Amino acid sequence: MSKQDIYIAIDYGVKRVGFAIYHAETNFVFPLCTLDRSVKKTFFENLTILIEKHKPTALIIGLPFHEDGSPCITTSQVKNFANSLLRRYPIPIYFMEELLSSFDAEQDMRAMGVSAKKIKKNVDQEAAVKILKSFLDCPQKLPYTPEKNIFYSTNNKE
């Protein structure tokens, strides 16, 4: 990792996608925004603006599984989304295993006394923060390619 690295984490959802950002220079992770997915064209236009503005050196996508470690329906959707990103943007992509990141983010926000309205507005980007922090804690990082289905786990297994 270099001081110039900028990572954007993605908490993929069917309706909304949350984003968080990490600047290696400052060593901080921040929630960035949430984009609506209801109109695919608009979503990708906004994502392109986001990428052009922040110029990330990598994208980290939360890869969901069932509690027993088996793939869920969203696992395939996230992989398809990653392949779509690879076609659009020449940026390395990493998967980070995630389990209940949105649920955990919501519980944390509720415990801090955040209103239900603010939770709904920010939970996806807070989940992206959790994904990004988990990824930064992983010692070895290899980018995703469709040929190599690599992801990272909170258990640091590949």
Side-chain angles (χ1 to χ4, degrees), residues 1-35 37 43 47 50-51 53-86 89 91-114 118-158:
M1 185 181 322
S2 88
K3 289 270 189 196
Q4 277 67 47
D5 281 341
I6 298 171
Y7 298 155
I8 290 182
I10 301 171
D11 178 52
Y12 177 87
V14 176
K15 295 180 182 177
R16 295 177 309 276
V17 179
F19 297 88
I21 192 164
Y22 167 80
H23 291 268
E25 189 172 28
T26 62
N27 200 31
F28 285 111
V29 175
F30 294 100
L32 188 57
C33 67
T34 301
L35 295 179
R37 282 199 60 239
F43 171 77
L47 181 55
L50 190 75
I51 287 173
K53 178 180 178 182
H54 294 284
K55 299 178 180 22
T57 52
L59 301 174
I60 292 75
I61 304 173
L63 189 62
F65 290 92
H66 288 294
E67 287 187 38
D68 67 1
S70 64
C72 59
I73 191 163
T74 314
T75 307
S76 296
Q77 292 172 339
V78 169
K79 288 179 182 179
N80 291 337
F81 176 66
N83 289 328
S84 180
L85 294 177
L86 283 172
Y89 312 108
I91 303 168
I93 292 176
Y94 299 85
F95 283 134
M96 180 66 217
E97 178 186 25
E98 62 137 326
L99 178 64
L100 304 173
S101 60
S102 295
F103 176 80
D104 290 344
E106 183 176 336
Q107 295 296 79
D108 291 350
M109 294 169 75
R110 201 177 304 279
M112 292 187 298
V114 177
K118 282 191 177 184
I119 288 173
K120 184 175 181 178
K121 181 180 176 188
N122 297 304
V123 69
D124 301 300
Q125 52 195 284
E126 291 296 337
V129 166
K130 288 184 171 296
I131 292 164
L132 190 45
K133 285 181 177 180
S134 295
F135 177 79
L136 291 169
D137 289 341
C138 287
Q140 181 188 12
K141 298 166 178 52
L142 298 171
Y144 165 77
T145 63
E147 303 80 44
K148 294 184 215 170
N149 193 9
I150 297 170
F151 70 93
Y152 297 92
S153 164
T154 52
N155 298 324
N156 291 328
K157 63 183 177 190
E158 286 187 40

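Please read all numbers here as calculations on a predicted model, not as lab measurements.
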How long is the span from the CG atom in Asp137 to the CE atom in Met96, to the nearest 0.5 Å? 8.0 Å
Please examine the side chains of Leu63 and Lys79, heavy atoms only from C-beta on, and report whether any two atoms are closer than 4.5 Å. yes
Quick one: pull up OG1 in Thr57 and CG in Asp5 and give me the separation to the nearest 0.5 Å. 4.0 Å
Could you state the interatomic distance from CD (Glu98) to CD1 (Ile61), rounded to the nearest 0.5 Å? 11.0 Å
If you measure from CG on Leu132 to CG on Leu32, what distance do you get to the nearest 0.5 Å? 10.5 Å
For the residue pair Phe135 and Tyr7, categorise the inter-ring angle as parallel (less than 30°), tilted (30 to 60°) or perpendicular (more than 60°). perpendicular
So, for Pro31 and Glu126, which heavy atoms are closest and what is the spacing to 0.1 Å? CG-OE2, 3.4 Å
Which heavy atom of Asp11 sits nearest to which heavy atom of Asp124, and what is that distance? CB-O, 3.5 Å
Using the rule given for side chain to side chain contact (heavy atoms under 4.5 Å, CB included), can you reason through Tyr22 versus Asn27, listing the C-alpha separation, both sets of side-chain angles and the distance that settles it, and then say yes or no? CA-CA 7 Å; Tyr22 167 80; Asn27 200 31; 2.9 Å; yes
Could you report the tightest heavy-atom contact between Leu35 and Leu47, atom names first, then the distance? CD1-N, 3.9 Å
Looking at CD1 of Ile8 and NE2 of His54, how far apart are the two atoms once the value is rounded to the nearest 0.5 Å? 6.0 Å
Taking every heavy atom of Ala128 against every heavy atom of Ala9, the minimum-distance pair comes out as O-CB, 3.4 Å
Restricting to non-hydrogen atoms, name the atom on Ala82 and the atom on Phe95 that form the minimum distance, rounded to 0.1 Å. CB-CZ, 3.6 Å
Listed partners of Ser76 passing side chain to side chain contact (heavy atoms under 4.5 Å, CB included), at least two apart: none
Distance col, row Tyr12:OH vs Ile131:CD1, nearest 0.5 angstrom, shows 13.0 Å
Looking only at heavy atoms, what is the nearest atom pair of Arg37 and Gly13, with distance? CD-O, 3.1 Å
Yes or no on side chain to side chain contact (heavy atoms under 4.5 Å, CB included) for Ile10 and Phe19, after CA distance, side-chain angles and deciding distance? CA-CA 5 Å; Ile10 301 171; Phe19 297 88; 3.6 Å; yes
Do side-chain atoms of Thr75 reach the backbone of Pro64 as a donor and acceptor pair under 3.5 angstrom? yes
Donor-acceptor under 3.5 Å (Ser84 side chain, Asn80 main chain): no
